[in-house]
Amino acid sequence: MPELPEVEVVRRGLVSWVRGRTITGVEVLDPRSIRRHALGLEDFIGNLLGATVMDVVRRGKFLWLPLVDSPAAQPLGDPAGGRVGPDSSPAVALMAHLGMSGQLLMQDAAAPDEKHLKVRLQLSPREGMPEQLRFVDQRIFGGLFVTAMVPTDDGGPGGLAETPLPLIAGEAAHIARDPLDPAFSFDLFYRRLRKRKTGLKRALLDQGLVSGIGNIYADEALWRAQLHYARPTDTLRRGEAERVLECARAVMLDALAAGGTSFDSLYVNVNGASGYFDRSLNAYGREGQPCERCAAAGIHSTIRREQFMNRSSHTCPVCQPRPRNGRF
DNA sequence: ACTCTGGCCTGTGGGC
DNA sequence: TGCCCACAGGCCAGAG
């Protein structure tokens, strides 16, 4: 179940394999994986064939490959009719979301099809590099589609990239910057957080407020910050908001350093190797096990699992007490 | 305008 | 052994 650090691992791995290569073949083995592409399968394939990948960019868990020089006519109704915008910037991008179980794998043509192979892209040959980029997805919560590149609303870069552009893939434009984005603004986040009338975890999971935080890292960040998931956002003090954001960032950086997290072997990075950060989790998946922070202080406490938002929430009842009257 | 629920998916595993 | 159901959860459409 890839979260932001895993997607960043994929981005970094992928860019050296695909940048500058041309898509010479597209095979869609399961059209359900192209479901968000409104103009249909033919348009999807036509937009990719002959296009050259310029970069691999990420914001939150959205990952996209800006494309140039496609011979396909009138992509997405763009009157320019081509891949290149007026300032020679990419006009469209191949967007990928890994969902719950998506993988992007570089493979040799001889490698047997994966059980849940959904899309196969053939790339122009390059010495010592696999010729296929494959999208594999068991649960089909993820998918691929082509989207237009649009200017960002703050003039900053669209996302993390080797060559940042003031453009963003249209389908990701509504997503807030993530905590690993150098252009992330804490002031903006805190201002919007205080206006919400909801619980802290729900806010952390809202990709429009801050992107890239999923259920696992939300639980970890809250545990590290010693805050309860139901804490009302409109009572959060600035220091508390800074703490939980900094903890989310720290969990992500730890996971990144470890090469990503893997829980059920569904997630592997672009080269096929699983991460191992799951051994370092303090809250998620540790129901009934001792809270390590309390244990270190000589206090006996066990991690509790509760249903919240149709998800599991893991907390320590001692060091993350449920808020009373909106505060501790 | 904001908040929140339901539904999309399939493989795994526990209960009977 | 085999059937059934709960569970995993990011994201969005649509209800409230």
Side-chain angles (χ1 to χ4, degrees), chain A residues 1-8 10 28-38 58-64 95-104 114-119 135-145 147 159 169-179 188-189 191-222 229-236 248 252 255 260-268 274 278 281 283-288 305-314:
Chain A
M1 39 195 90
E3 298 208 31
L4 182 148
E6 291 89 335
V7 182
E8 176 60 14
V10 171
V28 177
L29 291 93
D30 187 342
R32 291 177 299 174
S33 290
I34 318 295
R35 66 164 66 149
R36 292 174 66 166
H37 190 88
R58 182 191 61 74
R59 180 187 287 211
K61 294 171 215 171
F62 284 88
L63 194 67
W64 63 93
M95 171 73 85
H97 199 293
L98 301 181
M100 283 294 296
S101 54
Q103 298 167 254
L104 286 168
E114 290 76 9
K115 185 176 179 189
H116 299 289
L117 178 62
K118 303 299 184 186
V119 181
F135 180 70
V136 178
D137 192 11
Q138 176 197 109
R139 293 177 195 165
I140 326 183
F141 271 43
L144 303 182
F145 49 96
T147 180
E171 287 278 341
H174 65 292
I175 297 295
R177 292 185 185 277
D178 61 68
L188 177 62
F189 166 76
R191 222 166 27 239
R192 298 182 62 200
L193 182 74
R194 285 289 302 235
K195 283 186 197 154
R196 299 282 172 113
K197 292 235 174 297
T198 188
L200 178 54
K201 181 169 176 180
R202 197 185 287 277
L204 292 176
L205 293 175
D206 185 340
Q207 305 295 299
L209 188 61
V210 52
S211 69
I213 302 178
N215 195 46
I216 298 169
Y217 293 171
D219 280 2
E220 290 302 305
L222 289 166
Y229 61 79
R231 176 67 182 275
T233 51
D234 57 359
T235 70
L236 264 195
M252 289 177 180
T261 305
S262 178
F263 287 91
D264 52 12
S265 302
L266 281 173
Y267 170 76
V268 294
S274 292
D278 50 302
L281 295 177
Y284 184 87
R286 297 195 69 248
E287 181 186 17
R305 182 168 72 101
E306 296 165 276
Q307 286 302 107
F308 177 68
M309 292 176 68
N310 284 328
R311 303 284 182 266
S312 289
S313 276
H314 304 77

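Numbers restart at 1 for each chain; the letters A, B, ... are given by sequence-line order, proteins then strands. Heavy-atom basis, side chains included; hydrogens, waters and symmetry copies ignored.
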Contacts under 3.5 Å, N or O only, protein and nucleotides 11-14 of chain B:
residue	atom	partner	partner atom	Å
dG11(B)	O4'	Q138(A)	OE1	3.2

Check whether any side-chain N or O of [X] sits under 4.0 Å from OP1 or OP2 of [N], and answer yes or no.
{"X": "R196(A)", "N": "dT3(B)", "value": "yes"}
{"X": "R32(A)", "N": "dC8(B)", "value": "no"}
{"X": "H97(A)", "N": "dC11(C)", "value": "yes"}
{"X": "S312(A)", "N": "dA8(C)", "value": "yes"}

Report the distance from atom [atom1] of [X] to atom [atom2] of [N], rounded to the nearest whole Å.
{"X": "H314(A)", "N": "dC7(C)", "atom1": "NE2", "atom2": "C1'", "value": "12 Å"}
{"X": "D137(A)", "N": "dT10(B)", "atom1": "CG", "atom2": "C1'", "value": "10 Å"}
{"X": "F135(A)", "N": "dC9(B)", "atom1": "CZ", "atom2": "C1'", "value": "12 Å"}
{"X": "E171(A)", "N": "dC11(C)", "atom1": "CD", "atom2": "P", "value": "13 Å"}
{"X": "R305(A)", "N": "dC7(C)", "atom1": "CZ", "atom2": "P", "value": "7 Å"}
{"X": "R194(A)", "N": "dT3(B)", "atom1": "CZ", "atom2": "P", "value": "14 Å"}
{"X": "M95(A)", "N": "dC12(C)", "atom1": "CE", "atom2": "P", "value": "10 Å"}
{"X": "L200(A)", "N": "dC4(B)", "atom1": "CG", "atom2": "P", "value": "13 Å"}

Salt bridge (charged side-chain N to carboxylate O under 4.0 Å, His left out) involving E171(A) - partner list, sequence neighbours excluded: R36(A)

Taking for each residue the nucleotide of DNA chain B bearing the nearest heavy atom, is the 5' side occupied by F141(A) or by D206(A)? D206(A)

Both R202(A) and R311(A) contact DNA chain B. Taking the nearest nucleotide for each, which residue is further toward the 5' end? R202(A)

Check the pair K61(A), S211(A) against side-chain hydrogen bond (donor to acceptor under 3.5 Å, both in side chains), reporting the backbone distance first and the verdict last. CA-CA 8 Å; K61(A) 294 171 215 171; S211(A) 69; over 6 Å; no

Where the side chain of I140(A) is concerned, which of dC9(B), dC12(C), dA8(C) is the nearest nucleotide? dC9(B)

Looking only at the side chain of T198(A) (C-beta and beyond, no hydrogens), which of the listed nucleotides dC4(B), dC12(C), dC11(C) gets closest? dC4(B)

side-chain contact (heavy atoms from CB on, under 4.5 Å) evaluation trace for L281(A) with H314(A): CA-CA 11 Å; L281(A) 295 177; H314(A) 304 77; over 6 Å; no

Rounded to the nearest 0.5 Å, how far does NZ of K201(A) lie from CG of D219(A)? 3.5 Å

Let me see the working for S101(A) and D137(A) under side-chain hydrogen bond (donor to acceptor under 3.5 Å, both in side chains), right down to the final yes or no. CA-CA 5 Å; S101(A) 54; D137(A) 192 11; 2.6 Å; yes

Aromatic ring pairing F308(A)/Y229(A), orientation class (parallel under 30°, perpendicular over 60°, tilted between): tilted

Minimum side-chain heavy-atom gap L98(A)-F135(A) below 4.5 Å: yes

